[in-house]
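Only one structure is covered here, and it is reproduced in the block below.
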Amino acid sequence: MASLKLKIPSHYRANETSGTPFVVDPDTTPCTFEIYPATNTLVAVVYSLACFLAVTGNLVVIIVILCSRRATLSTDIYLLHLAMADLLFAVSLPFWAVDATSGWVFGDAMCKIVIMFHEVNFYSGILLLACISVDRYLAIVHSARSHRQKRPFLIKLVCAAVWVLAVVLSLPILYKSQVGVSSNKYICNEDHDGEYDEKWKLATKICRHVIGFLIPLGVIVFCYSVTIQRLCQTKGFQKEKALKVIIAVVLAFLICWLPHNITVFIDTLVRMRVTMASCAGRDHIDRALFATQCLGFLHSCVNPILYAFIGVKFRANLLRLLADKGLIKHTEESHFQRSVRPSISGTTSTVI
């Protein structure tokens, strides 16, 4: 079976358009990264399934939050925007599914748009999680002071600032992304040609690490560490239930995206010649980049699953909505409400 050069749907790969190889030991020949076509087919199936689950799940989350009487709570507003970000990214997955099997056939404009969706989703996702951690920190650790912070207008303003920042941080990718040719097929990636462009790429990757991951991660770790410590010191504190889904959402994000960020960081060190890599080492990094990005792509469908399995209030509000629309009997919804009533008391969140 003839092998094909793997078309990784990412701007973290070598410049296939110009044929510039990755940084390797001086005595090696230019490295190639090849994989059997069956793997591309498997990737296309995974992306298609993730798209279906993400679009369906996040639409349900958005509808449940918007139709809830508590939709103006700060946590729900953040989770609503988080679902919108995942939904935005999910609509780009079919393009990558086609790209995995047939190459990029959608033109230069769609190449820029789809990669932009990816970047905006990544930045907005972790920034919104950082905002949620700050919100929970203020609500639990500084409950009296946080009352003023829960005005819907202020929360919506923060969310708007997150979206603007995510778009601004994604502009370098929009500027450099274009369609090229590799192995007789069109590819969509970030073009780099020359020493200046390589420095540009390294700068954008370092910015992505620091602003798009390390700083928000530091905020998340600090806020939840202090919050959990406060909960452990307070007996009978009911707001601890509010952390269950949120912590699960944060852990899901880290599990899906932390491996990719670590791999990209190692790739950055190789490109900056901080460390050298043989063709075999370069090949391992390439495969790790590909595998971890697939894992990151799956994150767009994870949060609705967490809400459904962990969030008692989410299931209760979903059943109430279905009963109001006549899709299920009110007796079924009432039976569920009675069975979980102690778990859904309070005004913490629609989905928790």
Item to check | Point-to-point distance, once rounded to the nearest 0.5 Å, from CG of Leu298 to CD of Gln293 | outcome: 11.0 Å
Checklist entry - Does the side chain of Leu129 reach to within under 4.5 Å of the side chain of Pro216, using non-hydrogen atoms? => result no
Item to check | Side-chain heavy atoms of Met84 within contact of Leu88, under 4.5 Å | outcome: no
Checklist entry - Ser74 and Asp135: side-chain donor and acceptor closer than 3.5 Å? => result yes
Next on the checklist: Would the pair Cys131 and Cys159 meet an SG-SG distance criterion of under 2.5 Å?
Outcome noted: no
Checklist entry - Do you know which two heavy atoms are closest between Gly296 and Trp257, and how far apart they sit? => result O-CZ2, 3.4 Å
Item to check | Option among Val250, Val134, Ile215 that satisfies the side chain to side chain contact (heavy atoms under 4.5 Å, CB included) test with Ile220 | outcome: Val250
Next on the checklist: Quick check: do Tyr307 and Val61 have side-chain heavy atoms less than 4.5 Å from each other?
Outcome noted: yes
Item to check | Residue pair Val158 / Ile77, side-chain heavy-atom distance below 4.5 Å | outcome: no
Checklist entry - About how many Å separate CD1 of Ile140 and CD1 of Ile228, when rounded to the nearest 0.5 Å? => result 9.5 Å
Checklist entry - Can you find a pair of side-chain heavy atoms, one from Met116 and one from Val167, that are under 4.5 Å apart? => result yes
Item to check | Pairs where residues 85-95 contributes a residue and the test side chain to side chain donor-acceptor pair (under 3.5 Å) is met, not counting sequence neighbours | outcome: Asp86-Asn121, Asp86-Asn303
Checklist entry - Side chains of His118 and Trp96: donor-acceptor distance under 3.5 Å anywhere? => result no
Next on the checklist: Over 60° means perpendicular and under 30° means parallel, so tell me whether Trp163 and His81 are parallel, tilted or perpendicular.
Outcome noted: tilted
Next on the checklist: List the residues meeting side chain to side chain contact (heavy atoms under 4.5 Å, CB included) with Leu87, not counting sequence neighbours, and say none if there are none.
Outcome noted: Val55, Asn58, Leu59, Ile62
Checklist entry - Do you know the tightest heavy-atom contact between Ser133 and Tyr224? => result CB-CE1, 3.4 Å
Checklist entry - Going by side-chain heavy atoms closer than 4.5 Å, which hydrophobic residues are tied to Val45, directly or by a chain of links? => result none
Item to check | Val168: hydrophobic cluster co-members (side-chain, 4.5 Å) | outcome: Val164
Item to check | Student check: side-chain heavy atoms of Leu169 and Glu119 closer than 4.5 Å | outcome: no
Item to check | Where Ala90 and Cys51 come nearest, the two heavy atoms and their spacing | outcome: O-SG, 3.4 Å
Checklist entry - How would you list, by chain and number, every residue that makes a ring pair (Phe, Tyr, Trp, His ring centres under 6.0 Å) with Phe106, sequence neighbours excluded? => result Phe95, Trp104
Next on the checklist: Is there a side-chain contact between His260 and Leu295 in this structure, where contact means two heavy atoms from C-beta onward sitting under 4.5 Å apart?
Outcome noted: no
Next on the checklist: Could you check, using the six-membered ring where one of them is a Trp, whether Phe89 and Phe297 have ring centers closer than 6.0 angstrom?
Outcome noted: yes
Checklist outcome for this item: Note: Cys301 and Ala50 closest approach over all heavy atoms is CB-O, 3.9 Å
Checklist entry - Where is the tightest heavy-atom contact between Leu306 and Ala248, given as atom of each residue plus distance? => result CD1-O, 3.5 Å
Next on the checklist: For a 4.5 angstrom cut-off between non-hydrogen side-chain atoms, does Ile247 reach Arg136?
Outcome noted: no
Item to check | Residues in ring pair (Phe, Tyr, Trp, His ring centres under 6.0 Å) contact with Tyr78, at least two apart in sequence or another chain | outcome: none
Checklist entry - How many angstroms lie between CD1 in Ile305 and CG in Leu53, if you round to the nearest 0.5 Å? => result 6.0 Å
Item to check | Smallest separation among heavy atoms of Tyr137 and Thr227, with atom names | outcome: CA-OG1, 3.5 Å
